[in-house]
Amino acid sequence: MTSLLAEGVILEPSSADSRKQALTLLSQALAAKTKLDARDIFDAVMERERLGSTGVGEGVAIPHARIDRLSHPIGGFLRLESGVDFDAVDERPCDLVFMLIAPVGSGADHLRALAQVSRTLRQPHIREALRKAENESAIRKILCPEAAKASAA
């Protein structure tokens, strides 16, 4: 996850109360980091959302899309104070949202990144820790533990 978040974003916990608001916040933050257009990111992710839910269950959503002008996959994470409807497979609201954007031609890299995010957020102790984390710094330590260890050394 560190590789996806090194150039990506982790937002402070938010009170966004809809899928659209959550995706807008992440799109804007990723646009600021990547110098891409926030609307382009949002539109690409929403187009993917229309194909099928990215709510994977247990309160987790992994919205994703392929975007022109990117050189590698980049992620953004947002914890919501209250879950929102992502049409999740288990019908539960989602409060842990990881947005992944990847280059248009990055089939295998995109799938590897999605698998990495899914493996991480599938772990109950990770989800529980993320829900208890009070700020961006605490979330970063959970999602990027190897980076936290390296900076402490």
Side-chain angles (χ1 to χ4, degrees), residues 1-70 72-104 106 109-144:
M1 296 281 272
T2 300
S3 63
L4 295 173
L5 292 168
E7 295 177 41
V9 295
I10 296 174
L11 300 179
E12 292 289 333
S14 170
S15 60
D17 60 5
S18 71
R19 175 184 356 193
K20 184 176 178 181
Q21 275 189 331
L23 296 179
T24 297
L25 288 171
L26 283 164
S27 296
Q28 291 170 341
L30 284 169
K33 282 291 244 184
T34 62
K35 308 296 184 237
L36 295 172
D37 184 83
R39 189 69 196 192
D40 290 345
I41 295 171
F42 179 82
D43 288 347
V45 170
M46 285 305 292
E47 184 177 321
R48 171 57 188 85
E49 286 288 310
R50 284 189 278 282
L51 295 175
S53 171
T54 58
V56 297
E58 300 296 327
V60 173
I62 310 173
H64 56 279
R66 295 183 186 172
I67 308 281
D68 285 329
R69 300 183 319 273
L70 267 182
H72 54 278
I74 296 174
F77 179 81
L78 173 63
R79 190 191 86 219
L80 300 170
E81 293 168 2
S82 298
V84 299
D85 184 12
F86 263 87
D87 294 326
V89 295
D90 63 359
E91 300 181 359
R92 287 181 51 188
C94 296
D95 61 337
L96 304 175
V97 184
F98 193 104
M99 182 183 282
L100 176 68
I101 56 174
V104 169
S106 69
D109 287 344
H110 181 80
L111 291 176
R112 272 194 293 277
L114 274 173
Q116 179 184 23
V117 172
S118 178
R119 271 193 309 273
T120 300
L121 296 178
R122 195 177 315 141
Q123 299 175 55
H125 71 281
I126 298 277
R127 292 192 309 269
E128 183 178 334
L130 288 169
R131 288 181 175 120
K132 290 179 181 176
E134 294 186 12
N135 56 41
E136 180 272 340
S137 178
I139 292 169
R140 185 168 298 280
K141 287 177 185 170
I142 297 161
L143 292 177
C144 308

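Just the heavy atoms: all of them, side chains too, but no hydrogens, waters or symmetry mates, feed the values below.
Contacts of Arg119 classified as side-chain hydrogen bond (donor to acceptor under 3.5 Å, both in side chains), with partners at least two apart in sequence or in another chain: none. With sequence neighbours excluded, no residue forms a side-chain hydrogen bond (donor to acceptor under 3.5 Å, both in side chains) with Asp37.
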Show your working on side chain to side chain contact (heavy atoms under 4.5 Å, CB included) between Leu30 and Met99 and close with a plain yes or no. CA-CA 9 Å; Leu30 284 169; Met99 182 183 282; 3.6 Å; yes

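Contact between Ala102 and His110 at its shortest, heavy atoms only, is CB-ND1, 3.1 Å. For Leu4 against Ala113, the heavy-atom pair with the smallest separation is CD2-CB, 3.9 Å. Between Phe86 and Ser53, the shortest heavy-atom distance links the atoms O-OG, 2.7 Å. Contact detail for Gly57 and Asp90: the closest heavy-atom pair is CA-OD2, 3.3 Å. Taking each heavy atom of Ala129 and Ile142 in turn, the nearest pair found is O-CD1, 3.4 Å. Across every non-hydrogen atom of Glu81 and Pro13, the tightest pair is OE2-O, 4.0 Å.
Two residues are said to be in side-chain contact when any heavy atoms from C-beta on lie closer than 4.5 Å; Gln28 and Phe42 fail this criterion. Under the 4.5 Å side-chain criterion, counting only non-hydrogen atoms from C-beta, Ser82 is not in contact with Asp17. Considering only heavy atoms from C-beta on, Val56 stays 4.5 Å or farther from Val89 through its side chain. Contact check for Leu121 versus Leu130: side-chain heavy atoms found under the 4.5 Å cut-off. The side-chain heavy atoms of Phe77 and Leu96, taken from C-beta on, include a pair separated by under 4.5 Å. Contact check for Glu128 versus Arg131: no side-chain heavy atoms found under the 4.5 Å cut-off. Using a 4.5 Å cut-off on side-chain heavy atoms (C-beta onward), Pro93 and Val84 make no contact. Using a 4.5 Å heavy-atom cutoff, the side chains of Leu51 and Arg48 are in contact.
Within the model, atoms CG of Leu36 and CD1 of Ile74 stand 7.5 Å from one another, a figure rounded to the nearest 0.5 Å. With rounding to the nearest 0.5 angstrom, the CG atom of Leu100 is 9.5 Å from the CG atom of Leu5. The distance from atom CZ of Arg69 to atom CD1 of Ile101, rounded to the nearest 0.5 Å, is 10.5 Å. Separation of atoms CD1 (Ile10) and CG (Asn135) is listed at 10.5 Å; rounding is to 0.5 Å. Rounded to the nearest 0.5 Å, atoms CD1 (Ile62) and SG (Cys94) are 9.5 Å apart. Rounding to the nearest 0.5 Å gives a distance of 6.5 Å between CD1 of Ile126 and OG1 of Thr120.
Thr54 places no side-chain N or O within donor-acceptor distance of the main-chain N or O of Glu49, the cut-off being under 3.5 Å. With hydrogens and angles disregarded, a donor-acceptor distance shorter than 3.5 Å links the side chain of Ser27 to the backbone of Leu23. Checking side-chain atoms of Arg79 against main-chain N and O of Asp95 turns up no donor-acceptor pair under 3.5 Å. With hydrogens and angles ignored, the 3.5 Å screen pairs no side-chain donor or acceptor of Glu136 with any backbone N or O of Glu12.
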